[in-house]
Protein chains: 2
Amino acid sequence: MNQYINYRNLRFLTFEMLEAHKLNRYAYFSEYDRDAFDMAIDAAKQIADNHLFPYYVEMDRKKAYFDNGSVKVHPQLKVIIKNMAEGGWISANAPVEYGGMQMPYSLLHTGLISFYAANVNACYPFLTQGAANLILTFGSEELKNAFLPNMYSGDWQGTMALTEPQAGSSLADIVTTAEPVGNVEGMSTYGEGLYKIRGQKIYISGGEHDGVDNIVHLLLARIKGAPAGTKGISLFVVPKFRPENGELVPNDVQCAGLYGKMGQKGYVAAHLMYGEKDSCYGYLVGEPHKGLNYMFQMMNEARIGTGLVAAGAASAAYYASLKYANERPQGRHPSNKDPMSEPVLIIEHADVKRLLLFQKVITEGSIALLSQCSYYADIALAAEGEEKENAHLLLELLTPIAKSYPSEMGTHSVSAAMQTLGGAGYCDDFPIEQIYRDIRVNAIYEGTTAIHGMDLLGRKVMMHNGKASQLLGNEIIETVTEGIKYQYLALYAQKLGEAAQRLQTLTSDLMNIGKEKGVETILADATLYLDYFSQVVMGWIWLKQGIIAEKALKNGAEGDDRTFYESKKIALRFFFDYELPKTKALYQQLINADKVTTTITKELIV
Amino acid sequence: MNQYINYRNLRFLTFEMLEAHKLNRYAYFSEYDRDAFDMAIDAAKQIADNHLFPYYVEMDRKKAYFDNGSVKVHPQLKVIIKNMAEGGWISANAPVEYGGMQMPYSLLHTGLISFYAANVNACYPFLTQGAANLILTFGSEELKNAFLPNMYSGDWQGTMALTEPQAGSSLADIVTTAEPVGNVEGMSTYGEGLYKIRGQKIYISGGEHDGVDNIVHLLLARIKGAPAGTKGISLFVVPKFRPENGELVPNDVQCAGLYGKMGQKGYVAAHLMYGEKDSCYGYLVGEPHKGLNYMFQMMNEARIGTGLVAAGAASAAYYASLKYANERPQGRHPSNKDPMSEPVLIIEHADVKRLLLFQKVITEGSIALLSQCSYYADIALAAEGEEKENAHLLLELLTPIAKSYPSEMGTHSVSAAMQTLGGAGYCDDFPIEQIYRDIRVNAIYEGTTAIHGMDLLGRKVMMHNGKASQLLGNEIIETVTEGIKYQYLALYAQKLGEAAQRLQTLTSDLMNIGKEKGVETILADATLYLDYFSQVVMGWIWLKQGIIAEKALKNGAEGDDRTFYESKKIALRFFFDYELPKTKALYQQLINADKVTTTITKELIV
């Protein structure tokens, strides 16, 4: 029985749905044939089984803590980071010439979801990966040479240092300053400018801990005299220890404390003070004032990463509750009035089946969507011309959904896992209560769900004259057209086609309302639009999976394989019976142009 | 600004919506005029403000713990219990001749919701109250005289000891035994039989702690030779220390440990062993084999109590997030592109307004529904004949909703509070994360939501040939008829009328499906039926509140009062715009007679 993730399902998505092993048709991924994929997935499973899963609960109970300016993390973190580095997972998507593996995202993300499902505290090295990718893309050669090897080896932690106390999600309002200092004796500028940094950053994941030798903050700050707003923000590399005269010396980055998070207690969020003693130096990355644009690369990666973390958590809870439901006898069927009869396993109760199938649909659907996005990321990286551009647009369009759907629905899914166990689920004899606490933050990390709703409705559905939406529409039509050919799928394909059509009409109606009543009116319910859009996308993702399952069954799949594909079809049916109908309510909420939330003053909420 | 609850709203419900102070028309409540109500509400606020709210966070941080067979609770618990006892809250609804206050539930529950909103660890004395009520209703005079005074004084804790490891929610399967022992030297039988008790009980709230001198378990057990199933269960009083030869001696009730709950950490749940040394005695309450029927009194009270706890938690989170939203500046409106302009308070953002209004609707709606139920409980207690019977039926019908709606929707409401605060909401600098952990168990306590769904659809909507449903339908029609007279309410009244009509049709369709395909088919989605039913009930509750608000405004309400009523109307509008439409999706899910959850075998869920 699966513990935290179903590796059979990961292989289904990778090899059957996406055929990601055929990405080796592109030069950049030429080393990645089916064998390379299989070996990497096996290697990921080894790490997850041996170094992550057994420590999940303990890293919560013996949580990270702040002690006199430094942060102590569970000693297992060093082992985890070391294994990630040695396995090539931190440098996975970097080019070979910088010590990377040139691994497709489709494969990397299969590893990541295994790691996160096994133990969410596996996040640290992938923050490092995101930070390193940013240096790789926008930094000077000197900067890359100085920092990347130490980050890929796992000796140095990377972070993204964006949020400030007074600004929160509003990055336009950050006030951390950077003052150019020219050349300083004993210090390199790494071919970039050298700056003195002053300011505070909050909620910095991995921002301070003793599991690494150094910490490299990819930090947003405002160069003195820069324009106000987002156009005056620059990106800096600010290490905890800076190289000076051939040594690493403290760089005046102080940790003021950790946040007392409800969950993810092994994964620190720090409050950091830069330049309190006026001796914190940072190196400019790329050009001045373009920092936010650069940072979007890391933010987009982190958004997909957040989706992976959430889907991983939902997966772990699903398999824990499925195991419980298959072991725990309790109660009888409603029509059985004989108190002497044996109680049934709780999985025999229809409501428990409903709770489990709901989880399966959310978990497997989320993972499949994320796989699809990773595949687009690979094409966007390795292909050329229109193919590259289209994949990039689809990835852009789907990112808010890939971040928010696993986070929001995953939270409900873990709640369903808890409900499956009843009182036991609420208590710490089982891991569900921890997962329930852990998963909730994902709808807040990397932009709250509302921000992604506005990103989708306010920007992405209409970008390039709606080209991304059109490309997605084409994908859906193609899947519907194929789905209709299968008897079992025809009804669902038809429902998806209708839902997609209604979404198109709704979007165009909303655009008209926006023109008439102002953008505030339609953005007021952007979160609900994101929900609606997500349901249609998930319908497409489920139909895609259903088609592959039908093909495999027609080809005579047997034994466990047969069960796996039949189970996929059941989940698809559950999605169309229980999830897609939610669009009915969403439609009615969204199409109402007279929004109470934009017409009342704040004083009327008491 | 309100902290944990809006007392103005409690007075609105008590005096304006229900006119509960006019319950003094019944002899039983003759002492309770408006002044008596006002004094009691003020007294409740004093206790909540001074003894509960300031200790909410601390009772979580310094949680109750198990130490060598005994359980240490926060010392504040003694202060809380003492104040509850002295204020007459424990004996509130008992008759005067037993030292009670004969207080209407409508008033008692106003106190309870204040206490729970201020600090959920206030639950202990009300477990005692429920246990005492059970002795009061079914116990002998001797038993009442021996136990009630000590319970009402707060010196002795009461519990309900139902759940067993092997049985869980399936009470038919409990195996704790009771063996009659006749008379034993030095021990009273209290006019009931004396029995030796042997067995284990789990998740016993308040089951062991050092905040009281003794603990009185109202325990279900099977007398040796009793029939199998629910018809062989008897009710016993089993004290921790039993009176013997004029002294209290240990009664062989051992605490094996506490459950590590995710929340409500100040409110213990114990694992108890009775009769490990063969010297645990219990006193039979009422007749043998009728214990489950008796216990339903306490269970029904506890179900309403669970609704009150959940609504209280949602209330505390709502006011905490409303305060934050009114103090925290961040971001600008979408159409404002000037980065030099001042950030707005986050309550100015439409999505934050949506999160707040959602909370207001859930919180105030839940409290209003619970008030309505309390009012029916009062009529059922104090009136005669048809009036009494009708109130009893309405209370029975609404109990699953009054328990589940605040628990399920309250959990979503607290999640919306967390989302309002963003990262701050996930961290322990604010109380939201604690409330988020605390509230979740209410959908599990006293029967999971699924059990209440089956209770509603499988039993209550059709009991007495559907008389309760018909009575509720009449209430709704009456409210709709009045609502239509007001311009602002007419549209919403119409929507409620339609929704109630659809519910009636749906129910009759489901009954036909049940006849055709078996009861399992329709009970499979009983949880969703409960959702649907709840939305209609809440529509009724909101329209009732809206009518009172409209009347008050027409009568010239001014200042804060005016704002209060206008805010009520806004919330009503939000309910009809955003909540009631959810029935569209539920209808489609429910009417589907081909349920995936009743047609697949468990092996297909992998």
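In the text below, chain A, chain B and the rest are named by the order of the sequence lines, each starting its count at 1.
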field: B:Leu528/A:Arg354 under side chain to side chain contact (heavy atoms under 4.5 Å, CB included): CA gap, chis, key distance, verdict
entry: CA-CA 11 Å; B:Leu528 303 181; A:Arg354 193 178 59 80; 4.0 Å; yes

task: Give the intermediate values and the outcome of side chain to side chain contact (heavy atoms under 4.5 Å, CB included) for residues B:Gln588 and A:Lys582.
output: CA-CA 9 Å; B:Gln588 198 172 330; A:Lys582 292 177 178 171; over 6 Å; no

Derivation and outcome, side chain to side chain contact (heavy atoms under 4.5 Å, CB included), residues A:Tyr259 and B:Asp429: CA-CA 8 Å; A:Tyr259 290 90; B:Asp429 297 329; 4.3 Å; yes

field: Derivation and outcome, side chain to side chain contact (heavy atoms under 4.5 Å, CB included), residues B:Gln434 and A:Met262
entry: CA-CA 8 Å; B:Gln434 183 182 343; A:Met262 181 175 73; over 6 Å; no

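For A:Ala443, the parts lying near chain B are the backbone and the side chain together; criterion is any non-hydrogen pair under 4.5 Å. At a 4.5 Å heavy-atom cutoff, A:Thr521 makes no contact with chain B through either its backbone or its side chain. Proximity to chain B involves both the backbone and the side chain of A:Ile605, based on heavy atoms less than 4.5 angstrom apart. Only the side chain of A:Tyr318 comes within less than 4.5 Å of a heavy atom of chain B; its backbone N, CA, C and O stay farther away. At a 4.5 Å heavy-atom cutoff, the contact between B:Lys595 and chain A is made by backbone and side-chain atoms alike. In this structure, the portion of B:Glu408 lying under 4.5 Å from any heavy atom of chain A is its side chain and not its backbone. Both the backbone and the side chain of B:Ala450 come within contact range of chain A, with heavy atoms under 4.5 Å apart. For B:Ile600, the parts lying near chain A are the backbone and the side chain together; criterion is any non-hydrogen pair under 4.5 Å.
With A:Ser567 contributing its side chain and B:Leu604 its backbone, the two residues share a donor-acceptor pair below 3.5 Å. Of the possible polar contacts, none joining the A:Glu433 side chain to the B:Arg437 backbone as a donor-acceptor pair under 3.5 Å is found. The main-chain N or O of B:Ser415 is found under 3.5 Å from a side-chain atom of A:Arg440 such that the two form a donor-acceptor pair. The backbone N or O of A:Asn442 sits nowhere less than 3.5 Å from a side-chain atom of B:Tyr426 that would complete a donor-acceptor pair.
Taking B:Thr411, B:Asn592, B:Asp173 one by one and counting their heavy-atom pairs under 4.5 Å with chain A, the maximum is reached by B:Asp173. Interface check for chain A: of the options B:Thr448, B:Asn6, B:Asp351, B:Leu523, the most heavy-atom pairs under 4.5 Å are formed by B:Asp351. Options A:Thr449, A:Asn2, A:Thr230, A:Ile570 differ in how many heavy-atom pairs under 4.5 Å they form with chain B, and the most are formed by A:Ile570. Listed options A:Gly331, A:Ala526, A:Gly518, A:Gly263 were ranked by heavy-atom pairs under 4.5 angstrom with chain B; first place goes to A:Gly263. Between chain A and the options B:Thr563, B:Leu580, B:Val519, B:Val441, heavy-atom pairs under 4.5 Å are most frequent for B:Val441. Interface summary for chain A: among B:Ala424, B:Ala325, B:Gly453, B:Gly458, the most heavy-atom pairs under 4.5 angstrom belong to B:Ala424. No other option in B:Asp525, B:Leu356, B:Val352 has as many heavy-atom pairs under 4.5 Å with chain A as B:Asp525. Counting heavy-atom pairs closer than 4.5 Å to chain A, the top-ranked of the candidates B:Leu357, B:Thr583, B:Asp338 is B:Leu357.
Nearest heavy atoms, B:Ile444 versus A:Met418: CD1-CG, 4.2 Å. Scanning all heavy atoms of the two residues, the minimum distance from B:Gly229 to A:Pro339 falls at CA-CB, 3.3 Å. A:Ala167 and B:Arg328 make their closest contact through C-NH2, 3.8 Å (heavy atoms, listed as atom of the first residue, atom of the second, distance). Taking all atoms of both residues into account, the shortest heavy-atom contact from A:Ala172 to B:Arg332 is CB-NH1, 4.4 Å. Looking at every heavy atom in both residues, A:Ala585 comes nearest to B:Ala585 through CB-CB, 4.3 Å. Of all heavy-atom pairs spanning A:Ala228 and B:Met340, the tightest one is CB-SD, 3.1 Å.
With no hydrogens or angles considered, a side-chain donor-acceptor pair links B:Glu520 and A:Ser335 at under 3.5 Å.
In this structure, B:Glu603 and A:Asn326 have side chains that are not in contact, with every pair of non-hydrogen atoms separated by 4.5 Å or more. At least one side-chain heavy atom of A:Arg573 sits less than 4.5 Å from a side-chain heavy atom of B:Thr599. By the 4.5 Å heavy-atom criterion applied to side chains, B:Tyr578 and A:Val596 are counted as neighbours. Considering only heavy atoms from C-beta on, A:Lys360 comes within 4.5 Å of B:Val606 through its side chain. B:Cys427 places a side-chain heavy atom less than 4.5 Å from the side chain of A:Tyr203. Residues A:Pro329 and B:Gln166 have side chains not in contact (no heavy-atom distance under 4.5 Å, counting atoms from C-beta outward). Taking the side chain as every heavy atom from C-beta outward, A:Lys584 and B:Tyr587 never approach each other to under 4.5 Å. The shortest side-chain heavy-atom distance between B:Thr527 and A:Leu355 does not fall under the 4.5 Å cut-off.
At a heavy-atom cut-off of under 4.5 Å, chain B is reached by A:Pro343, A:Leu345, A:Ile347, A:Glu348, A:Ala350 from residues 343-350 of chain A, listed in order of number.
The ring of A:Tyr436 has its center closer than 6.0 angstrom to the ring center of B:Tyr436.
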